[in-house]
Amino acid sequence: MSTTADPLAALAALPGVADSVDAVRDAVDRVYGHRVMRRRSNEVTSEAALRGARGSAALAGADWALEELRRRSDFGSEGEPRTVGAALRLTAEAGQLLSVWRQSPLRVLARLHLVAAGGTEVADTVGRPRLAGEPVEEPLIELALPDADEVAGRLDGLARLLLAGSQAPALVTAAVVHGELLALRPFGSYNGLVARAAERIVLVGSGLDPKSICAAEVGHAELGAAAYAEALKGYVSGTPEGMAAWIAQCGRAVELGARESMAVCEALQRGAA
């Protein structure tokens, strides 16, 4: 990442990033301009939350049909049900943490991990960055794992970067938060779910998507796990091309999430919610 006074703004100046930012803004504006949003935005938000949770869980290895999520009420068992339950809890929790995020991003990340774990892990490993020698379980992410000291330093740097503020578009900030958390995998589990929830918090808190209706998780899942992992390699490389490709991937995901919510609006308008 750039060492300028505003490194996020420097990323926004990379070739192609402005096009991604403009495309995302247009896609989000189209959804917010739909007539259904004037009276039934809460329904769209609820549906986007469910679909976003489904998409995030799919990227963590639990690719369930949407109707299965609607039907099920027990997510406490091992394996995929627990992953889906964690994704649902995180989606519900993310909207409650916006004010805290602006003051202490690391506190929010700890809370997100606590919510994801849901009492299923040893208490002293939940809600804190991993220590030296502690294992990490993270489906689909096979990149080299930074050691605990590097994790601590980079998390602190990320928090300071966010608290300092930036002129960068929300998409760029959200992509960096998402990519950094996936690269670091700071917790022993649920890092992907936490990273995607943090991306959602940035997009909502920035004002780009204040009603949380353009679920990027939907788009990431639609683009596929292979494309997701490949784009993440670009972020981890730190090259301008790799960083721009990751931001573009995140932008396309938001666009697809917006398209999904546009379809929800159309269905509500037809009375076929």
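Side chains are part of it too, since the values below use all heavy atoms of this structure and drop only hydrogens, waters and symmetry mates. Just so you know, these numbers come straight off a predicted model, no measurement behind them.
No side-chain donor-acceptor contact under 3.5 Å links Arg39 to the backbone of Met37. Side chain of Glu134 to backbone of Leu131: a donor-acceptor contact under 3.5 angstrom is found. A distance-only check finds no donor-acceptor pair linking the side chain of Asp209 to the backbone of Val204 [under 3.5 Å]. Distance alone, capped at 3.5 Å, is enough to place a donor-acceptor pair between the Thr45 side chain and the Ser41 backbone. Between the side chain of Tyr32 and the backbone N or O of Lys211, at least one donor-acceptor pair lies under 3.5 Å. Of the possible donor and acceptor atoms, one in the side chain of Arg89 sits under 3.5 Å from a partner among the backbone N and O of Val115. Looking only at distances, a side-chain donor or acceptor of His113 sits under 3.5 Å from a matching main-chain atom of Ser189.
Side-chain atoms of Phe187 and Val126, non-hydrogen and from C-beta on, never get closer than 4.5 Å to each other. In this structure, the side chains of Val151 and Asp147 stay at 4.5 Å or more apart for every pair of heavy atoms. The closest side-chain heavy-atom distance from Val202 to Trp101 is below 4.5 Å.
Ion pairing between a basic and an acidic side chain is recognised when a charged N comes within 4.0 Å of a carboxylate O; Arg259 and Glu222 show such pairing.
Residues satisfying the side chain to side chain donor-acceptor pair (under 3.5 Å) test with Gln167, not counting sequence neighbours, are none. Applying the salt bridge (Lys or Arg N to Asp or Glu O under 4.0 Å) test to Arg252 and every residue at least two apart in sequence or in another chain returns Glu255.
For the residue pair Thr125 and Arg130, no side-chain donor N or O sits within less than 3.5 Å of a side-chain acceptor on the partner. Between His34 and Glu266, the side chains place a donor N or O and an acceptor N or O closer than 3.5 Å (distance only, hydrogens not considered). Glu180 and Tyr235 share a side-chain donor-acceptor pair at under 3.5 Å.
Note that the OG1 atom of Thr173 and the CG atom of Leu8 stand 4.5 Å from one another [nearest 0.5 Å]. Atom CG of residue Leu158 and atom CG of residue Leu106 lie 7.5 Å apart, to the nearest 0.5 angstrom.
Within the structure, salt bridge (Lys or Arg N to Asp or Glu O under 4.0 Å) contacts touching residues 232-249 (residues at least two apart or in different chains) are Glu230-Lys233.
Heavy atoms of other residues, nucleotides or ligands lying less than 6.0 angstrom from CZ of Arg35 number 12 at most.
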* To do: Determine, step by step, whether Glu137 and Asn191 satisfy the side-chain contact (heavy atoms from CB on, under 4.5 Å) criterion, reporting the C-alpha distance in whole Å, the side-chain angles of both residues, the deciding distance to 0.1 Å, and the verdict.
  => CA-CA 9 Å; Glu137 179 183 348; Asn191 289 287; over 6 Å; no

